[in-house]
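I have placed the structure first, in the form of structure tokens, so that the comments after it can refer back to it.
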Amino acid sequence: MSVQPVSASVADPDPLPPERFRTIAAAWPSGVAVVTTVDRHGRPKGLTMTAVTALSLEPQQFLICVDDGSSTLAPLLDAGRFCINFLGKGQEDVARLFASKREDKFGALGWSLDAIGMPAIHGAVAQAGCDVVAVHDGGDHRIIIGGLRAAAISGGAPLLYHSGRFLDVNQGQ
Ligand SMILES: Cc1cc2nc3c(=O)[nH]c(=O)nc-3n(C[C@H](O)[C@H](O)[C@H](O)COP(=O)(O)O)c2cc1C
């Protein structure tokens, strides 16, 4: 694959075409998570995310960035809680399911409620249950800071995402 230098665009005041922006963003490899919550009727909701990071050790906080167009956003803010399910090797089908707009994403899935009542997806390598402690404007996304309230670690190899492809960790090395 040929890589074009981006320096020529840096001083350009016009925004990049969306596809070029996405290509640059996709150059950064990441893990894959499904962030879950429950709506006011107790129904589980969730979406696949890569915009997830550990933020602070003291206090212990995570940061997630959720698209304004996500149907999970309103229930998550309403509940004031969410669970970050860090997906494991072989959970590509789960990542694809939660990247969809399907109504019943949890139908054929193994899951249970975690210690703070958020949906924990079986097979994830770790879970971080958080309370929403701050929400910031982030363009067309909400930057949501979560204070850690519950944690589970199963271990195992993570699922990775790079340049539009899911990778297992041994392929990513
Ligand atoms: C690999 C991957 C990473 C994604 N990362 C994010 C993300 O960080 N934030 C986000 O809002 N959407 C992200 N998405 C898109 C959502 O998963 C997608 O829009 C989903 O359909 C939203 O579902 P919902 O509307 O039911 O919440 C990602 C999708 C994929 C495939």
Side-chain angles (χ1 to χ4, degrees), residues 1 16 18-56 61-111 113-114 117-121 123-130 132-146 148 156-172:
M1 189 178 85
L16 291 173
E19 277 320 309
R20 193 139 162 78
F21 179 88
R22 287 196 188 97
T23 302
I24 291 172
W28 182 248
S30 64
V32 184
V34 171
V35 171
T36 57
T37 191
V38 291
D39 70 10
R40 65 184 66 183
H41 306 290
R43 289 181 300 225
K45 299 284 173 188
L47 80 162
T48 295
M49 296 191 59
T50 51
V52 173
T53 189
L55 176 65
S56 163
Q61 294 178 334
F62 283 87
L63 179 155
I64 63 171
C65 302
V66 183
D67 193 320
D68 289 337
S70 161
S71 66
T72 309
L73 177 60
L76 188 157
L77 296 177
D78 238 30
R81 284 191 167 172
F82 59 91
C83 178
I84 307 169
N85 295 268
F86 297 94
L87 296 187
K89 175 178 175 176
Q91 289 193 299
E92 183 177 330
D93 52 341
V94 178
R96 289 191 191 284
L97 173 65
F98 280 87
S100 76
K101 293 286 181 187
R102 278 180 53 175
E103 263 303 307
D104 183 18
K105 298 183 190 179
F106 290 80
L109 199 69
W111 64 280
L113 294 177
D114 72 1
M118 293 293 103
I121 294 173
V125 296
Q127 270 115 5
C130 298
V132 174
V133 295
V135 182
H136 300 284
D137 181 36
D140 56 11
H141 282 55
R142 296 305 97 193
I143 302 166
I144 300 169
I145 296 173
L148 188 67
L159 182 65
L160 303 180
Y161 190 72
H162 180 241
S163 287
R165 289 171 56 215
F166 293 100
L167 304 167
D168 288 333
V169 72
N170 52 334
Q171 294 171 271

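Start at 1 and go down the list; that is how both ligands and their atoms are numbered.
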Can you pull out the closest protein heavy atom to atom 21 (O) of ligand 1? Residue, atom name and distance to 0.1 Å, please.
Ala99 O, 2.8 Å
Please write down residue, atom name and distance for the protein heavy atom closest to atom 12 (N) of ligand 1.
Leu47 CD1, 3.8 Å
Note the single closest protein heavy atom to atom 25 (O) of ligand 1, along with its residue, its atom name and the distance in Å.
Lys101 NZ, 2.5 Å
Ala95 contact mode with ligand 1 (heavy-atom cut-off under 4.0 Å)
neither
Does ligand 1 have an atom under 4.0 Å from some heavy atom of Val32?
no
As an exercise, identify every atom of ligand 1 less than 4.0 angstrom from a heavy atom of Cys65.
7 (C), 8 (O), 9 (N), 10 (C), 11 (O)
Which one of Leu73, Asp140, Val66, Thr48 has a non-hydrogen atom at the shortest distance from atom 2 (C) of ligand 1?
Thr48
Report the nearest protein non-hydrogen atom to atom 24 (P) of ligand 1: residue, atom name, distance rounded to 0.1 Å.
Ser71 OG, 3.3 Å
State the CG-CG distance between Asp114 and Asn85, to the nearest 0.5 angstrom.
8.0 Å
Pairwise side-chain contact, Leu73 with Asp67, heavy-atom cut-off 4.5 Å (strictly under):
no
Heavy-atom contact under 4.0 Å between Lys105 and ligand 1?
yes
Check whether any side-chain heavy atom of Asp137 lies under 4.5 Å from a side-chain heavy atom of Arg142, and answer yes or no.
yes
Closer than 3.5 angstrom, by distance alone: can the side chain of Lys45 be matched with the main-chain N or O of Ser71 as a donor-acceptor pair?
no
May I ask you to test the Phe106-Arg43 pair for a side-chain heavy-atom distance under 4.5 Å?
no
How far is atom 8 (O) of ligand 1 from its nearest protein heavy atom, and which residue and atom name does that atom have?
Ala51 N, 2.9 Å
